[in-house]
Amino acid sequence: MHLYDKADYHFESVDKAGLPEEHASNHIVPMLRWLIENDLMSEFFTTEGADPLSSYKNGSISIHELLDWWDGCLVSEMLSDRGNAFAMHYFDYDKGAYLGDYQRILQGSLPSEFHVVYSDANYSKLQTSIDNHYKVWLAANEA
């Protein structure tokens, strides 16, 4: 199992910044949402989490609540093989471009990535970048 990120890792940072606890996962949930919208989740995720996933899709829980159902973690077991391959390439904080894109597109002059508010508008801005990275990655890996 590979742990991509966990909200708990960031609670101290958001607490020190005086931000709501939810902000500890604001940089994780756009990627989770994008993976769900692009059908890159595993059978395990869609079976074990069928009820909260359905609740998220019908709008009765938020993306944050869906992530909380998974203990605030984004892990490899949640993703399909293709989803994992792309996440290892793009979402990896040491080698991937995701966090840099997130900071460049959404953080701007805010003090940290934790200060970014999660919203549909912000997701839409980041979604374009993720889509573009995915298209390039897909072309390079399916050639």
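Heavy-atom basis, side chains included; hydrogens, waters and symmetry copies ignored. Keep in mind that what you see is a predicted model, and the values were worked out from it rather than measured.
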> Taking C-beta and beyond as the side chain, do Asn84 and His2 meet within less than 4.5 Å on heavy atoms?
Replying inline: no

>> I need the Glu22 CD to Ile63 CD1 distance, nearest 0.5 Å.
In response: 11.0 Å

> Looking at residues at least two apart in the chain, or sitting in another chain, which of them share a salt bridge (charged side-chain N to carboxylate O under 4.0 Å, His left out) with Arg82?
Replying inline: Glu142

>> For Ala24 versus Val14, what's the shortest heavy-atom pair and its separation?
In response: N-CG1, 3.6 Å

>> Using the salt bridge (charged side-chain N to carboxylate O under 4.0 Å, His left out) criterion, which residues pair with Asp94? Sequence neighbours excluded.
In response: none

> Hey, what do you get for CD (Glu48) to CE (Met78), rounding to the nearest 0.5 Å?
Replying inline: 12.0 Å

>> Please check this pair: side chain of Glu113 against backbone of Gln103, looking for a donor-acceptor N/O pair closer than 3.5 Å.
In response: no

>> To the closest 0.5 Å, what do you measure between CH2 (Trp70) and CG (Leu32)?
In response: 10.0 Å

> Excluding sequence neighbours, so at least two apart, what forms ring-ring contact (aromatic ring centres under 6.0 Å, His included) with Tyr90?
Replying inline: Phe86, Tyr98, His133

>> Is it the case that atom CG in Asp81 sees more than 12 heavy atoms from other parts of the structure closer than 6.0 Å?
In response: no

>> Once ring-ring contact (aromatic ring centres under 6.0 Å, His included) is applied, do any residues pair with Tyr118, and if so which ones, sequence neighbours excluded?
In response: His64

>> Checking Asp131 against Trp34: is there a side-chain donor and acceptor pair closer than 3.5 Å?
In response: yes

> Distance only, no hydrogens: is a donor on one side chain within 3.5 Å (strictly under) of an acceptor on the other, for Ser129 and Asp101?
Replying inline: yes

> Minimum heavy-atom separation for Leu3 to Cys73, with atom names?
Replying inline: CD1-CB, 4.0 Å

>> Rounded to the nearest 0.5 Å, what separates atom NZ in Lys57 from atom CD1 in Ile36?
In response: 7.0 Å

> So do Lys95 and His89 actually touch side chain to side chain, heavy atoms under 4.5 Å?
Replying inline: no

> Do the charged groups of Asp120 and Arg33 touch, with an N to O distance under 4.0 Å?
Replying inline: yes

> Is there a donor-acceptor contact under 3.5 Å from the side chain of Asn26 to the main chain of Phe114?
Replying inline: no

> Quick one: CG on Asp68 to OG on Ser62, what's the gap to the nearest 0.5 Å?
Replying inline: 7.5 Å

> To the nearest 0.5 Å, what is the distance between CG (Leu35) and CZ (Phe45)?
Replying inline: 9.0 Å

>> Any donor-acceptor pair under 3.5 Å linking the side-chain atoms of Tyr134 with those of Asn38?
In response: no

> Out of Val75, Leu79, Ile28, Asp92, which one pairs with Tyr4 under the side chain to side chain contact (heavy atoms under 4.5 Å, CB included) rule?
Replying inline: Leu79

> Who are the salt bridge (charged side-chain N to carboxylate O under 4.0 Å, His left out) partners of Glu21, not counting sequence neighbours?
Replying inline: none

> Taking only residues two or more places apart in sequence, or in another chain, which ones meet Glu43 in a salt bridge (charged side-chain N to carboxylate O under 4.0 Å, His left out)?
Replying inline: none

>> For a quick test of reading the model, state the closest non-hydrogen atom pair linking Ile61 to Pro52 and the distance between them.
In response: CD1-O, 3.4 Å

>> Are His27 and Val116 packed together at the side-chain level, in the sense that at least one heavy-atom pair is separated by less than 4.5 angstrom?
In response: no

>> Please find the pair of heavy atoms, one from Leu66 and one from Leu53, that lie closest to each other, and give the distance.
In response: CD1-N, 3.9 Å

>> What verdict does the ring-ring contact (aromatic ring centres under 6.0 Å, His included) test give for Phe91 and Tyr93, after you've listed the backbone C-alpha separation in whole Å, the side-chain angles of each residue and the deciding distance to 0.1 Å?
In response: CA-CA 6 Å; Phe91 193 70; Tyr93 291 138; 5.1 Å; yes

> Within the distance-only criterion (no hydrogens, no angle test), does the side chain of Ser42 pair as donor or acceptor with the backbone N or O of Ser80 below 3.5 angstrom?
Replying inline: no

> Going by atom types alone, do Ser112 and His115 pair a side-chain donor with an acceptor below 3.5 Å?
Replying inline: yes

